[in-house]
Amino acid sequence: MPELPEVETVRRALAPVLEQRYIAAAFVGRDDLRWPLPPNLAARLQGRRFTHVARRGKYVLMTLDDQNVLLLHLGMSGSVRIHDRAPTLGRHDHIMLTMADGEQATSPTHYVVLNDPRRFGWVDLFALSTQASYKLLQHMGPEPLGNAFSAEYLQTAFKGRQGPVKNALLNQQLIAGIGNIYASEALFHAGISPRRKAATIAGGRAVRLAAAIVKTLRAAIEDGGTSLRDHVQPGGEIGYFVQRLAVYGRAGEACQICTTPIKMLVQSGRSSFYCPRCQR
DNA sequence: CTCCTGACCTGAGTGC
DNA sequence: TGCACTCAGGTCAGGA
């Protein structure tokens, strides 16, 4: 479920728990998720201190004091829980980090658990010096909430693309972090049909779509922040929260603007939701 | 290159 | 209750 706003929510929850704290113990319950986990992962984490927790697209990047980066992608079903007492691990709890203020783990501060039933997520560990050329990151498009993103960028990036704009929005090499929910939501707020050819997103349409992407993602992050305050009690699961969705999952319901029933269609095997009257 | 399909995996929901 | 079936917010490899 995690798209940019959910991953950002996870990052915000993890930062104060991890930064400047030590991994007093690391549990790794299996040797692969989507792909094999780094060899000896638990041993390589044990005793290390986190210096910084960042996000890039849908990835969480956790820098360690030995100049390695722990990378986390939540896939479709991954989530993180933060406990302040040692939890009982369930079937799909694959990794747990016991955090402490010092290298001696006499009194742990938190237990951070990665749960992923479908195991579409992945974890890697690599040298900070190689991050820029790291395979999964180097071709990623700009952050939609960063300075490099604009209507002009969108127009250039979509130029010549014959596929539907909905698919282009899901392409992480064009824009980082947008997934199936927020693609539909942003297109609704921009008044653009998910079927429209990406190459025709120019001029006023590009301005509207860029603005809608920023607005939609910001609002969702705010909701995540709200649920973080309300919901991240000990044992609280991070990465899922109630969202204000205008069209996603609402086929047959009235469009909030014109009351026309919301429609669903499948594009490249993925559901898109839209208002046939408001979106052209 | 670009674009689409199928594969990966488990659990929740639906219909009979 | 049980069973069969569909679908789910991600990405990648492979082929047209």
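Throughout, protein chains are lettered first and strands after them, A, B, ... in sequence-line order, and every chain is numbered starting at 1.
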statement: Here the distance between atom P of dT2(B) and atom CG of Leu170(A), to the nearest Å, is 16 Å

task: Take the protein atom CD of Gln172(A) and the nucleotide atom P of dT11(C), then report the distance between them rounded to whole Å.
output: 5 Å

- prompt: For dG9(C), does either OP1 or OP2 sit under 4.0 Å from a side-chain N or O belonging to Tyr248(A)?
  reply: yes

statement: In whole angstroms, the gap separating C1' of dT2(B) from CG of Leu174(A) amounts to 11 Å

message: So does Leu170(A) get a backbone contact from the side chain of Gln172(A), meaning a donor-acceptor N/O pair under 3.5 Å?
response: yes

- request: Could you tell me whether Asp116(A) contacts a base, only the sugar-phosphate backbone, or nothing, with contacts defined as non-hydrogen atoms closer than 4.0 Å?
  value: nothing

- request: Measure the distance from CG on Leu169(A) to P on dT11(C) and round it to the nearest whole Å.
  value: 13 Å

message: Can you give me the dot-bracket string for DNA chain C, 5' to 3', counting Watson-Crick and G-U wobble pairs with both distances under 3.5 Å, using [ ] for crossing pairs and | for partners on another strand?
response: .|||||||.|||||||

- prompt: Does Lys58(A) make a side-chain N or O approach to OP1 or OP2 of dT11(C) shorter than 4.0 Å?
  reply: yes

- prompt: Arg30(A) has an atom CZ; how far is it from atom C1' of dC9(B), in whole Å?
  reply: 10 Å

query: Cluster question for you: counting only ILVMFWY and a side-chain heavy-atom cut-off of under 4.5 Å, with indirect links fine, are Leu18(A) and Phe27(A) together?
result: no

- prompt: With a 4.0 Å cut-off, would you call Asp32(A) and Arg119(A) a salt bridge?
  reply: no

- prompt: Under 4.0 angstrom, heavy atoms only, what part of the nucleic acid is Leu136(A) near: base, sugar-phosphate, or nothing?
  reply: sugar-phosphate

field: Shared hydrophobic cluster for Leu137(A) and Ile175(A) (ILVMFWY, side-chain gaps under 4.5 Å)
entry: no

- prompt: For Arg118(A) and dT6(C), what is the distance between atoms CZ and C1' respectively, to the nearest whole Å?
  reply: 12 Å

- line: So, with a heavy-atom separation below 4.0 Å from DNA chain B, the residues of residues 212-219 of chain A are none

statement: From CD1 of Ile181(A) across to C1' of dA8(C) the rounded distance in Å is 10 Å

query: Does a side chain donor of either Gln267(A) or Ser272(A) reach within less than 3.5 Å of an acceptor in the other side chain?
result: yes

field: Nearest-nucleotide pick for Arg91(A), side chain only, options being dG11(B), dG9(C), dT11(C)
entry: dG11(B)

- prompt: OP1 or OP2 of dC4(B) sitting under 4.0 Å from any side-chain N/O of Ser268(A)?
  reply: yes

message: Taking the nucleotide of DNA chain C with the nearest heavy atom to each, does Phe273(A) or Tyr59(A) sit closer to the 5' end?
response: Phe273(A)

- prompt: Expressed as a whole number of Å, how far does the C1' atom of dC3(B) sit from that of dG9(C)?
  reply: 22 Å

message: Is there a path of hydrophobic side-chain contacts, each under 4.5 Å between heavy atoms of I/L/V/M/F/W/Y residues, joining Met99(A) to Val123(A)?
response: yes

- prompt: Is there a side chain to side chain donor-acceptor pair (under 3.5 Å) between Arg195(A) and Tyr274(A) once you walk through the steps?
  reply: CA-CA 10 Å; Arg195(A) 285 196 161 99; Tyr274(A) 67 106; 3.2 Å; yes

query: Which pair of non-hydrogen atoms, one from Glu3(A) and one from Tyr182(A), has the smallest distance, and what is that distance?
result: OE1-CD1, 2.8 Å

message: At 4.0 Å (heavy atoms only), tell me whether Arg161(A) reaches a base, stays on the sugar-phosphate, or touches nothing.
response: sugar-phosphate

field: Of Phe120(A), Trp122(A), Trp35(A), the residue whose pairing with His73(A) passes ring pair (Phe, Tyr, Trp, His ring centres under 6.0 Å)
entry: Trp122(A)

query: Can you tell me how far P in dC9(B) sits from the matching atom in dA13(C), rounded to whole Å?
result: 16 Å

- prompt: Between dT10(B) and His92(A), is there an OP1 or OP2 to side-chain N/O distance shorter than 4.0 Å?
  reply: no

query: Does Arg119(A) have a side-chain nitrogen or oxygen under 4.0 Å from the phosphate oxygens OP1 or OP2 of dT10(B)?
result: yes

- prompt: Under 4.0 Å between a side-chain N/O of Asn167(A) and OP1 or OP2 of dC4(B), yes or no?
  reply: yes

- request: Considering just the side-chain nitrogens and oxygens of Ser271(A), establish if one lies under 4.0 Å of OP1 or OP2 belonging to dC7(C).
  value: no

- prompt: Any side-chain N or O of Arg270(A) under 4.0 Å from OP1/OP2 of dG9(C)?
  reply: yes

task: Before accepting this row, confirm whether a basic side-chain N of the pair Glu143(A)/Arg56(A) lies closer than 4.0 Å to the acidic partner's carboxylate O.
output: yes

- request: Determine, for Arg218(A) against Glu222(A), whether the closest basic-nitrogen to carboxylate-oxygen distance falls under 4.0 angstrom.
  value: no

Ring-base stacking, Phe120(A) with dC8(B) (5.5 Å, 30° cut-offs): yes

- prompt: His139(A) NE2 to dT2(B) C1': how many Å, rounded?
  reply: 16 Å

